[in-house]
Every structure is written in structure tokens, then in C-alpha cells.
Amino acid sequence: MKVIDSYDERVKFVSRTAMEAVYALCGVEKGIPEVYASRYDMRYLMNAVSALNDYEKPHLPIPKLAAHNLENKIKDTDIEILLKENNLI
């Protein structure tokens, strides 16, 4: 998970640095957008869902076979880590 975080941040900062250089070379008098977390970032969305549920595990009526199949599909993935970090599974 840390690899994805650091890569994402590097891309944002590299893009911002490139914009600063181009604006300076071209004499553009315009502000550079700040680096901020995206509203579509799954980490923030999952944290919001967890907060809405008072940070308790949700109790969803999912059949055991379907739940077992889903657990097997997300096992050892970043999605599983995110869901566990946010107490969603």
C-alpha cells in the first residue's frame, strides 16, 4: 500500500513542479493548484463509510457462500487491506 501512496504523491508533485517551470519560463501569472487528496480516492471514501457507521463493522445480510467467495477474491490484495484498516470487514 505504501508503494501506491508514494507513487501517487510523486506524480502529483512532479506535475506541479513541471507546471511551475513552464509558467515561469512562459511568464504566466497564474497560480499553481495545490496538491490535495482526490475526492475519488478510495481511502477517503472507505473512511467516510466507516465514519457514517460509527467505525463499527457493518452487519450486512450476505449469504455465507457469497461472503466466502468474496473473501477469497480479495484475499491478499490492497482492497482487503483497505477494508480491514477501515473496519469494513
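Just so it is clear, the model here is predicted, and its values are computed rather than measured.
Following chains of ILVMFWY side-chain contacts shorter than 4.5 Å, one can reach I74 starting from V49, so the two form part of one hydrophobic cluster.
Going from atom CG of L45 over to atom CE of M42 covers 5.5 Å, rounded to the nearest 0.5 Å. Note that CG of D78 and CD of E85 are 9.5 Å apart. Values are rounded to the nearest 0.5 Å. The CD1 atom of I89 lies 7.5 Å from the NZ atom of K57; values are rounded to the nearest 0.5 Å. Expressed to the nearest 0.5 Å, how far CD1 of I79 lies from CG of L88 amounts to 12.5 Å. If you take NZ on K64 and CG on N69, they are separated by 13.5 Å, rounding to the nearest 0.5 Å. Note that CD of E56 and CG of N87 are 8.5 Å apart. Values are rounded to the nearest 0.5 Å.
The minimum heavy-atom distance linking Y55 with N47 is given by the pair CE2-OD1, 3.8 Å. Nearest heavy atom pair, residue A67 against residue I62, reads N-CG2, 3.8 Å.
Under 4.0 Å is where a charged nitrogen must lie from a carboxylate oxygen, and between K75 and E71 no such pair does.
In this structure a side-chain-to-backbone donor-acceptor pair under 3.5 Å is present from S50 to N86.
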